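Treat the numbers as computed from the prediction; the structure is a model and nothing was measured.
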Amino acid sequence: MNKILISKDIYDREITKKFIKETAEKILKELKLDGVELSITLTDNETIKQINKEWRKKNRPTDVLSFPIDEKLAGYRYRVLGDVVISLPYAKKQAEEIGVPYKEEVIRLLTHGILHLLGYDHEVCPAEAKKMFDLQDKILKKVNEQTN
């Protein structure tokens, strides 16, 4: 059993908290993770831009940010993975640009963010990038099959 906390700061009828929770559960299952806590924030471009500026010194919006914690606190039943922040307007625009369904892009971004929480980093070197993106693609394929 996992604990998934969702904060939705933006109105979007297509991407619901229920959809995000179910999708996160599927991703965690594919990663064989149980007993973890994950926090997901769905927000707008301006908010993610501010977070990106504060934490990464990049004064622009982005699609997804991850903040790993990876702690097992004494007496707490969950291993706290960390926080994933997704800009829904950015995801929607990106989906249109690359020609994929909006929901599929949100699933990809959520998968990407969770992999970062687990220590995967595509910016380290080409071998690490390949490892991360191969796993991301495998999970995305499985989750899309379960969602459709």
Side-chain angles (χ1 to χ4, degrees), residues 1-71 76 78-124 128-148:
M1 178 95 159
N2 296 309
K3 184 174 185 180
I4 300 170
L5 307 168
I6 301 168
S7 173
K8 189 173 175 193
D9 304 338
I10 184 170
Y11 177 76
D12 189 305
R13 285 193 347 223
E14 198 171 347
I15 306 299
T16 63
K17 284 184 175 183
K18 181 178 185 276
F19 169 76
I20 292 295
K21 184 175 172 111
E22 289 171 354
T23 300
E25 283 290 1
K26 290 172 188 173
I27 294 166
L28 295 174
K29 184 178 177 194
E30 287 302 317
L31 290 165
K32 296 175 179 41
L33 289 173
D34 192 34
V36 298
E37 179 180 300
L38 169 64
S39 172
I40 303 163
T41 301
L42 306 173
T43 194
D44 59 26
N45 284 335
E46 189 54 40
T47 302
I48 208 164
K49 176 183 174 183
Q50 292 302 319
I51 297 167
N52 202 21
K53 182 179 178 183
E54 181 179 342
W55 290 95
R56 298 179 65 223
K57 308 298 182 231
K58 296 182 180 186
N59 191 20
R60 63 180 183 267
T62 189
D63 51 5
V64 62
L65 293 170
S66 298
F67 299 94
I69 297 172
D70 200 15
E71 277 186 348
Y76 192 60
Y78 299 100
R79 171 181 155 209
V80 181
L81 292 183
D83 306 320
V84 174
V85 182
I86 298 172
S87 168
L88 292 182
Y90 201 102
K92 189 171 211 159
K93 182 175 181 278
Q94 200 160 257
E96 290 167 3
E97 287 172 357
I98 59 179
V100 298
Y102 177 35
K103 281 188 170 183
E104 184 177 315
E105 180 62 3
V106 171
I107 295 168
R108 186 186 69 79
L109 294 175
L110 185 53
T111 303
H112 187 87
I114 291 171
L115 289 176
H116 273 304
L117 295 182
L118 296 172
Y120 289 88
D121 191 348
H122 54 88
E123 295 178 358
V124 172
E128 283 298 309
K130 180 174 178 6
K131 187 171 147 186
M132 180 177 179
F133 290 125
D134 285 353
L135 180 56
Q136 177 180 297
D137 291 346
K138 179 182 163 198
I139 293 168
L140 182 60
K141 184 176 185 235
K142 287 270 203 162
V143 173
N144 276 331
E145 286 170 1
Q146 295 169 22
T147 304
N148 295 329

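- If you take CD1 on I86 and OG1 on T43, they are separated by 11.0 Å, rounding to the nearest 0.5 Å.
- In this structure, D44 and D9 have side chains that are not in contact, with every pair of non-hydrogen atoms separated by 4.5 Å or more.
- E25 CD to M1 CE: the interatomic distance, rounded to the nearest 0.5 Å, is 7.5 Å.
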Side-chain atoms of residues 114-122: list all donor-acceptor pairs with protein atoms under 3.5 Å, sequence neighbours left out, distances to 0.1 Å.
residue	atom	partner	partner atom	Å
H116	ND1	Y120	O	2.9
H116	NE2	H112	NE2	3.1
H116	NE2	H122	NE2	3.3
D121	OD1	E123	N	2.9
H122	NE2	H112	NE2	3.2

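- From L31, atom CG reaches atom NZ of K26 across 14.5 Å, with rounding to the nearest 0.5 Å.
- With rounding to the nearest 0.5 angstrom, the CG atom of L81 is 13.0 Å from the NZ atom of K3.
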Counting only pairs under 3.5 Å, give me each side-chain donor-acceptor contact of residues 58-68, with atom names and distances, residues two or more places apart or in other chains.
residue	atom	partner	partner atom	Å
D63	OD2	Q94	NE2	3.0
S66	OG	G113	O	2.9

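- A salt bridge is absent between E145 and K142; no separation between the charged side-chain nitrogens and carboxylate oxygens falls under 4.0 Å.
- Pairing each heavy atom of S39 with each of D83, the nearest pair is CB-OD1, 3.0 Å.
- F19 contributes atom CZ, which lies 4.0 Å from atom CD1 of I107 (distance to the nearest 0.5 angstrom).
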Q.
Checking I48 against N52 for the side-chain contact (heavy atoms from CB on, under 4.5 Å) test, could you report, in this order, the C-alpha distance in whole Å, the side-chain angles of both residues, the deciding distance, and whether it holds?
A. CA-CA 6 Å; I48 208 164; N52 202 21; 5.5 Å; no
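- Atom CD of E105 and atom CG of L110 lie 11.5 Å apart (nearest 0.5 Å).
- Closest of all the heavy-atom pairs between L33 and R79 is CD2-NH1, 3.8 Å.
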Could you go through residues 95-103 and list every donor-acceptor pair under 3.5 Å that involves a side-chain atom there, pairing it with any protein atom two or more places apart or in another chain?
residue	atom	partner	partner atom	Å
E97	OE2	K93	NZ	2.7
Y102	OH	D12	OD2	2.6

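- The shortest non-hydrogen separation linking T111 to I27 is OG1-CD1, 3.3 Å.
- Side chain of N2 to backbone of E37: no donor-acceptor contact under 3.5 angstrom is found.
- In this structure, Y90 and N45 approach most closely via the heavy-atom pair CB-OD1, 3.2 Å.
- Looking at K32, its side chain never comes within 3.5 Å of a backbone N or O of K29 through a donor-acceptor pair.
- Among T41, L42, L38, the single residue meeting the side chain to side chain contact (heavy atoms under 4.5 Å, CB included) criterion with V84 is L38.
- When each of I4, D34, I139 is paired with L28, the side chain to side chain contact (heavy atoms under 4.5 Å, CB included) condition holds for I4 and for no other.
- In this structure, I20 and V106 have side chains that are in contact, with non-hydrogen atoms separated by less than 4.5 Å.
- In the model, Q50 has a side-chain atom that pairs as donor or acceptor with a side-chain atom of E46 under 3.5 Å.
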